[in-house]
Amino acid sequence: MSVKVRFAPSPTGFLHIGNARTAIVTWLFARKMDGHFLLRIDDTDRERSKEKYEMAIEDGLRWLGLNWDEKANQKDRMARYDEIIEKLKSDGRLYACYETPEELGLKRKTQLSRGLPPTYDRAGLELSEDQIKKYEAEGRKPHWRFKLNHEPIEWNDHIRGDVRYEGKDLTDPVVLREDGSPLYHLCSVIDDVDFEITHVVRGEDHVSNTATHVQMFEAISGKVPEFAHLSLIADAEGGKLSKRLGSLSVKDIQESEGLEPMAIVSLMARLGTSDPIEAFGDLKPLIDSFDFSKFSRNPPKFDTDELIRLNSKILHETDFSDVETRLHDMGLKDIDADFWKGVRSNLEKLEDIQQWWDIIHNPVAANMNEEDKSFTANAANLLPEGPWNENTWNEWIGKIKEATDRKGKTLFMPLRQALTGMDHGPELPVLLPLLGPEKTKQRLQG
RNA sequence: GUCCCGUUCGUCUAGGGGUCUAGGACACCGCCCUUUCACGGCGGCAACACGGGUUCAAAUCCCGUACGGGACGCCA
């Protein structure tokens with residue numbers, strides 16, 4: 001049986017870091033298993049679902065490099081949901097309840113204050129004809145719950161191992177709103193059945209939902225998929241993902257933070273696994289090494305510093321051809337492959353390249369003593385006459401070495417200072433051709 | 001409040017009773033290479049949450065406590 005998975009975001013906001021992790025892990029599993037990846041937009045909540053979010057989610061996934069084999073929207077499948085709802089009603093698995101949200105809230109409060117778990121008391125199941133008539137006369141409309149069988153529910157989770165719930169400890173989930181619209185639980189299960197999903201991968205906040213879903217799968221198709229529940233990531237202090245991090249969207253990371261997609265993917269694919277967190281330039285090695293058994297049940301801490309670290313590593317190994325367009329878009333048109341190669345190991349984020357571009361194009365302030373100043377001024381006179389290219393540097397340095405007794409740091413540092421005003425940076429042989437003879441001479445002479 | 005899951009170097013983790021004076025990766029520190037940065041090489045620092053059991057023997061099994069995460073919606 002071939003693997004089919006789905007990533008099912010609801011378009012009620014941007015793709016945030018936690019979603020992204022689920023998407024990445026699900027995708028890697030699909031590709032590892034040579035399976036099928038379905039992007040399912042869970043837009044049953046018509047009020048909160050927005051098309052702009054749907055677009056942003058797609059953009060985010062594309063930016064991360066996660067392609068999908070198929071896409072579906074729940075809002076297009078309402079007729080199918082109705083069909084199943086009718087079937088479940090006639091099977092006696094759905095029952096009508098007439099409590100208002102306020103009444104339910106009150107019930108919960110009472111249970112809580114008595115130290116009881118706030119589960120539904122199934123009052124709807126015991127309503128007499130008269131009571132129902134009375135409610136209807138009051139203008140009440142029913143919402144419908146799925147009736148759970150009171151029996152053990154078990155599955156072998158790919159991450160959590162054996163999981164067991166007792167049906168009697170769970171609340172019968174509401175699957176149909178008062179207004180007749182179906183809720184997430186049912187839609188999700190129906191879709192998983194219809195799209196023949198073999199593995200449901202999602203966050204551990206869904207574990208108890210899964211227990212009820214298992215019975216829904218059994219009631220609808222008699223077949224239950226496999227499950228993998230990822231632990232949720234925590235912030236660097238080990239607490240709940242803070243507002244800042246929790247709301248850190250893929251869009252922010254891309255636009256405001258200026259990070260490379262593979263930095264995120266590298267981190268999210270390995271965080272919480274026993275594989276080392278390393279910077280990868282492409283998805284292939286992550287696919288190859290993917291295995292659910294490597295995932296821990298602990299909530300791992302997510303640290304943005306780690307993202308930056310991976311980002312610089314990735315940049316240091318990125319080929320010019322992969323950034324050429326972006327550099328041009330930044331207005332840095334005279335950067336070529338040689339310059340890129342010389343400068344990339346000094347970058348943490350791509351935008352840092354601006355600084356080096358400025359150093360070439362705008363005046364710099366050198367920080368040197370008088371002795372060094374006269375040294376660089378003399379060095380200016382030794383500049384080769386010939387064509388100005390990548391050999392210029394070696395030729396020049398050779399001449400300086402002949403003319404003076406400087407070597408090592410005392411030779412190179414003053415030159416670097418005079419030419420760039422910094423004591424670190426890209427290799428000078430690379431900078432020289434970009435600077436050109438005039439600027440070089442000028443700067444050496446102060 | 002109830003239920004579920006977890007707790008090993010700063011971080012991600014390996015570990016399923018003796019092979020653990022607890023292994024790896026990243027970070028950090030030092031040295032080497034190097035004009036700087038980066039890369040690479042070598043070395044170092046550094047952890048079993050706590051308390052009780054069980055056992056000849058516990059990081060490993062059991063119970064409790066503490067702490068963290070999750071769930072308990074006519075959200076997904």
Side-chain angles (χ1 to χ4, degrees), chain A residues 8-13 19 42-45 47-49 74 97 99-101 104-105 108-109 111-120 141-145 159-161 163-166 169-171 173-185 187-188 202-209 211 229 231-234 236-241 267 270-279 294-303 305-306 309-310 312-313 315-317 342-347 397 406-417 420 422-428:
Chain A
S10 62
T12 55
N19 290 345
D42 281 10
D43 48 8
T44 50
D45 190 336
E47 290 280 304
R48 297 192 301 146
S49 297
Q74 290 195 323
C97 300
E99 295 90 348
T100 63
L104 287 173
R108 265 179 227 117
K109 232 176 121 185
Q111 287 167 312
L112 243 27
S113 70
R114 289 167 55 198
L116 297 169
T119 49
Y120 181 59
K141 290 225 172 68
H143 57 276
W144 295 72
R145 287 182 189 264
I159 293 171
R160 300 170 70 84
V163 182
R164 185 188 161 100
Y165 279 85
E166 291 296 335
D169 294 337
L170 300 166
T171 285
V174 176
V175 294
L176 252 190
R177 287 192 182 90
E178 184 189 314
D179 67 6
S181 60
L183 259 0
Y184 160 77
H185 297 284
C187 303
S188 176
R202 48 171 43 153
E204 76 169 7
D205 50 336
H206 280 287
V207 174
S208 62
N209 288 338
H229 290 90
S231 60
L232 269 25
I233 49 182
E237 282 74 49
K240 257 182 231 191
L241 212 54
L267 179 58
R270 300 279 240 214
L271 188 66
T273 75
S274 53
D275 274 333
I277 295 165
E278 294 171 293
K294 292 173 179 171
F295 282 78
S296 156
R297 286 195 258 185
N298 301 5
K301 295 170 194 65
F302 167 67
D303 187 352
D305 290 348
E306 192 108 39
R309 212 197 82 238
L310 292 169
S312 37
K313 276 227 160 126
L315 245 23
H316 298 171
E317 285 164 15
V343 85
R344 65 180 182 181
S345 65
N346 289 273
L347 305 177
I397 288 300
R406 290 206 185 213
K407 58 180 183 180
K409 247 182 195 175
T410 54
L411 166 63
F412 294 103
M413 273 320 235
L415 298 176
R416 176 175 286 286
Q417 266 296 337
T420 67
M422 315 259 301
D423 54 15
H424 67 95
E427 291 176 42
L428 292 171

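Predicted model only: the values in this text are computed from it and were never measured. Below, read A as the first sequence line, B as the second, and so on, with proteins coming before strands; counting in each chain starts at 1.
Within the shown strands, nothing qualifies as a pairing partner of B:rA59 under the Watson-Crick or G-U definition with both distances less than 3.5 Å. Searching all strands for a Watson-Crick or G-U wobble partner of B:rG64 with both distances below 3.5 Å returns B:rC50. Nucleotide B:rC37 forms a pair with no other nucleotide shown, judged by Watson-Crick or G-U wobble geometry with both contacts under 3.5 Å. Checking B:rA22 for Watson-Crick or G-U wobble geometry (two distances, each under 3.5 Å) identifies no partner in any strand. In this structure B:rC28 sits in a base pair with B:rG44, meeting the Watson-Crick or G-U test at under 3.5 Å. In a base pair of the Watson-Crick type (N1 to N3 plus N6-O4 or O6-N4) or a G-U wobble (N1-O2 and O6-N3), with each distance short of 3.5 Å, B:rG16 is matched with no nucleotide. Using the Watson-Crick or G-U wobble rule with both distances under 3.5 Å, B:rC75 pairs with nothing in any strand shown.
Residue contacts for A:H316: at a heavy-atom cut-off of 4.0 Å it reaches the sugar-phosphate backbone alone, with no base atom in range. The residue A:D179 sits apart from the nucleic acid: no heavy atom pair falls under 4.0 Å. Among the atoms of the strands shown, only primed sugar atoms or phosphate atoms (P, OP1, OP2) are found under 4.0 Å from some heavy atom of A:G115. Using a 4.0 Å heavy-atom cutoff across all strands shown, A:L411 reaches no nucleic acid atom at all. Within the 4.0 angstrom heavy-atom criterion, no nucleotide atom of any strand lies near A:E278. Across all strands shown, A:R309 has heavy atoms under 4.0 Å from sugar-phosphate atoms exclusively, and none from any base. Residue contacts shown for A:L415 are absent, as no nucleic acid heavy atom lies under 4.0 Å away. A:Q111 comes within contact range of no nucleotide atom at all, as no heavy-atom separation falls under 4.0 Å. Among the heavy atoms of the strands lying under 4.0 Å from A:T44 are primed sugar atoms or P, OP1, OP2 only; no base atom is included.
Atom-to-atom distance recorded for A:R416:CZ and A:H424:NE2 is 8.5 Å, nearest 0.5 angstrom.
Donor-acceptor pairing under 3.5 Å is lacking for the side chains of A:D275 and A:T273. A donor and an acceptor atom, one from each side chain of A:Q74 and A:D42, are located under 3.5 Å apart. Side-chain atoms of A:S181 and A:R177 form a donor-acceptor pair, as typed in the model, at a separation below 3.5 Å.
By the 6.0 Å contact criterion, NZ on A:K294 is enclosed, its count of non-hydrogen atoms from other residues, nucleotides or ligands being greater than 12.
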Could you write nucleotides 3-15 of chain B as a row of B, S and -, 5' to 3', where a protein heavy atom under 4.0 Å of any base atom gives B, of only sugar-phosphate atoms gives S, and otherwise -?
-SSSSS--SSSS-
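Closest to the A:V174 side chain, of the nucleotides B:rA76, B:rC74, B:rU35, is B:rC74. For A:D45, taking side-chain heavy atoms from C-beta onward, the closest of the listed nucleotides B:rU2, B:rC74, B:rA76 is B:rA76.
Salt bridge status for A:R202 with A:E204: absent, with no side-chain N to carboxylate O gap under 4.0 Å.
In terms of position on RNA chain B, the residue among A:P426 and A:K313 whose nearest nucleotide sits closer to the 5' end is A:P426. A residue-by-residue look at A:P142 and A:N346 shows that A:N346 has its nearest nucleotide of RNA chain B further toward the 5' end.
The base of B:rC74 sits with one of its N or O atoms less than 3.5 Å from a complementary donor or acceptor on the side chain of A:H143.
Remark: the separation of the P atoms in B:rG6 and B:rC61 is 10 Å, to the nearest Å. Across the P atoms, B:rG15 and B:rU55 are found 28 Å apart, a figure rounded to whole Å. B:rU13 and B:rC32 have their C1' atoms separated by 30 Å, with the value rounded to a whole Å. Taking the C1' atoms as reference points, B:rC5 lies 25 Å from B:rG10, given to the whole Å.
Judged by distance alone, with hydrogens and angles left aside, the side-chain atoms of A:R344 form a donor-acceptor pair with the main-chain N or O of A:H316 at under 3.5 Å.
Aromatic pair A:Y184/A:H206: ring centres closer than 6.0 Å.
Taking syn as a glycosidic angle within 90° of 0, B:rG40 does not qualify and is anti.
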